[in-house]
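Chain identifiers are assigned alphabetically (A, B, ...) following the order of the sequence lines, protein sequences preceding nucleic acid strands; residue numbering begins at 1 within each chain. Since the model is a prediction, treat every value here as computed from it, not as a measurement.
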Amino acid sequence: MASKPNYARIGDQVFRDVEKINAELFTLTYGAIVAQLLKDFEDVEEVNNQLEKMGYNIGLRLIEEFLARSNVPRCSDFKDTAEVISKVGFKMFLGINATVTNWDPKKPEFSLVLEENPLIDFVEVPEQYQSLVYSNILCGVIRGALEMVQMSVECRFVRDVLKGDDASELKVTLKAMLEEEVPVGED
Amino acid sequence: MNSHLSVAQSAMKNSGSYSSLEQLAAKASFSEKRPQKPLPILSRPIPKGKSEVSLSAFSFLFSEFIQYSLAKVNNITELEKRLSDCGYNIGVRMLELITYREKNYKRETKLINMLTFISYTVWRILFSKQADLLEKSTDQDDEYMISENQSLPITKFISTPREYSGLNCASFVAGIVEGILDAAEFGARVSAHSMPLEGQKQMKTVILIKFNPDVIARSNLTA
């Protein structure tokens with residue numbers, strides 16, 4: 001039985017090789033996008049949904065780049081998926097380390113704890129937008145990316161630094177494994 | 001109160017690590033844990049600004065934003081305006097940050113120094129390279145151009161379809177420059193254009209800066 005590849009090392013290596021850009025430009029751009037969404041939609045819940053949808057679209061395409069660059073072998077189970085997302089995925093795109101906690105095999109679900117989050121540097125959410133899930137785009141990205149590898153998941157924030165917690169935590173629950181659809185005409 | 005103190009002292013001995021008095025009191029008392037109020041944003045230290053994210057993360061985000069804006073606008077000019085407005089807010093904030101970090105809060109007062117600041121320092125921080133060319137227009141007194149021989153790193157992955165051929169996503173960068181100039185009291189109209197390089201098929205990106213008349217008048221006075 002081959003030993004499990006060292007995901008942390010793979011993540012570091014890929015992040016070293018990709019082209020990088022100033023994180024603050026990224027942070028400020030995201031902030032401008034959220035501000036624009038808040039201006040366009042009156043309702044904060046609608047903004048949350050919109051962020052998640054944008055993240056979903058990103059995730060659909062992000063998974064291809066992820067697989068192409070990281071060359072990670074097929075995950076053996078959902079727990080493996082969690083490790084890959086946290087050690088390779090987050091490292092490769094955002095340069096941050098995420099940790100997997102609260103692995104529950106029954107549902108199955110896991111939590112990703114983010115100590116640092118480049119999206120929220122410099123950000124403070126004012127009183128009237130307290131129900132805004134600022135980093136909701138990340139939930140969408142995970143949902144979209146996993147859907148392209150035949151997993152239907154539900155992803156939401158349970159702890160948020162912007163709301164006063166000490167770290168951000170995303171809970172990812174596997175709802176169903178999707179069947180690969182054979183295109184019509186092929187047999 | 002005394003009993004609380006003695007319990008707190010023994011807790012400190014047991015934990016072995018330094019904790020603030022507030023945390024000790026929270027440990028010693030049996031009431032509910034008080035949620036820690038986060039430090040208000042203006043009291044937090046400014047980060048060093050050395051962190052990086054992958055270019056693809058930014059490109060994905062940028063492309064999503066453009067697609068979202070496409071659904072909301074009717075023509076190319078509006079889209080470019082939206083991108084430019086987005087960049088404007090960023091530029092204003094970047095000026096503060098960069099001035100604080102790089103120049104110890106010294107303000108630029110001369111026009112040409114300001115432009116050099118943008119094309120060298122700001123470009124270096126945003127795109128890890130300096131702008132290829134900064135030139136003054138020969139026929140107009142108030143126009144300057146910052147050119148990039150290849151497309152900017154953030155627009156590298158954007159290909160515009162034929163029906164949007166007039167669109168230039170570098171309007172985003174133009175917005176950043178406009179925000180910086182405005183916040184530094186050098187009001188200008190900034191726009192982005194693509195022009196073919198002489199003799200080559202590649203397009204170069206030109207950020208055209210047209211200063212307001214009062215800025216030019218001021219710089220002529222102080223020159």
* Asked: Quick one: what part of B:Phe172 sits under 4.5 Å from any heavy atom of chain A, side chain, backbone, both or neither?
  -> side chain
* Atom group of A:Phe15 that falls short of 4.5 Å from chain B, counting heavy atoms -> side chain
* To do: Would you mind checking which part of A:Ile96 comes under 4.5 Å of any heavy atom in chain B, side chain (CB onward), backbone (N, CA, C, O), both or neither?
  => neither
* Asked: Could you go step by step and tell me if B:Ile176 and A:Leu25 meet the side-chain contact (heavy atoms from CB on, under 4.5 Å) rule?
  -> CA-CA 10 Å; B:Ile176 297 184; A:Leu25 178 61; 4.0 Å; yes
* Check the surroundings of atom CZ in A:Phe41: do more than 12 heavy atoms from other residues, nucleotides or ligands lie under 6.0 Å from it? => yes
* To do: Name the member of B:Glu52, B:Met94, B:Lys72, B:Gln67 that forms the most heavy-atom pairs with chain A at distances under 4.5 Å.
  => B:Glu52
* Structure fact -> In this structure, CZ of B:Arg93 is separated from CG of A:Leu28 (nearest 0.5 Å) by 7.0 Å
* Could you list the residues that satisfy ring pair (Phe, Tyr, Trp, His ring centres under 6.0 Å) with A:Phe110, not counting sequence neighbours? => A:Phe78
* Asked: For the candidates A:Thr29, A:Val18, A:Thr27, which exhibits the highest count of non-hydrogen atom pairs separated by less than 4.5 Å from chain B?
  -> A:Thr29
* **Residue A:Glu65 versus chain B: region with a heavy atom under 4.5 Å** => side chain
* Asked: Does any non-hydrogen side-chain atom of A:Phe122 lie less than 4.5 Å from one of B:Leu97?
  -> yes
* **Heavy-atom contact with chain B under 4.5 Å, split by part of A:Glu116** => neither
* Is it true that atom NZ of A:Lys53 has more than 12 heavy atoms of other residues, nucleotides or ligands lying nearer than 6.0 Å? -> no
* Side chains of A:Asn22 and B:Val53 in contact at under 4.5 Å (non-hydrogen atoms) -> no
* To do: Compare all side-chain heavy atoms of B:Tyr68 with those of A:Asp40 and state whether any distance is below 4.5 angstrom.
  => yes
* Between A:Asp121, A:Val141, A:Val123, which has the largest tally of heavy atom pairs under 4.5 Å with chain B? -> A:Val123
* Structure fact -> Note: vs chain A, highest number of non-hydrogen pairs under 4.5 angstrom among B:Ser128, B:Ser56, B:Ser69 is B:Ser56
* B:Asn89 side-chain N/O to A:Ala32 backbone N/O, donor-acceptor pair under 3.5 Å -> no
* Asked: Are side-chain N/O atoms of A:Arg61 and B:Ser63 paired as donor and acceptor at under 3.5 Å?
  -> yes
* Structure fact -> One should read off an interatomic distance between B:Ile90 CD1 and A:Tyr30 OH, to the nearest 0.5 angstrom, of 13.5 Å
* Sidechain N-carboxylate O distance under 4.0 Å for B:Arg101, A:Glu24 -> yes
* A:Glu42 CD: over 12 foreign heavy atoms closer than 6.0 Å -> no
* Atom CZ of A:Arg159: over 12 foreign heavy atoms under 6.0 Å -> yes
* Asked: OG of B:Ser54 to CG of A:Leu62: how many Å apart, nearest 0.5 Å?
  -> 8.0 Å
* **Heavy atoms from other residues, nucleotides or ligands near CD of B:Glu78 exceed 12 (cutoff 6.0 Å)** => yes
* Can you tell me how far CD1 of A:Ile58 sits from CZ of B:Phe62, rounded to the nearest 0.5 angstrom? -> 12.5 Å
* **Between CD1 on residue A:Ile137 and CD on residue B:Glu64, distance to nearest 0.5 Å** => 7.0 Å
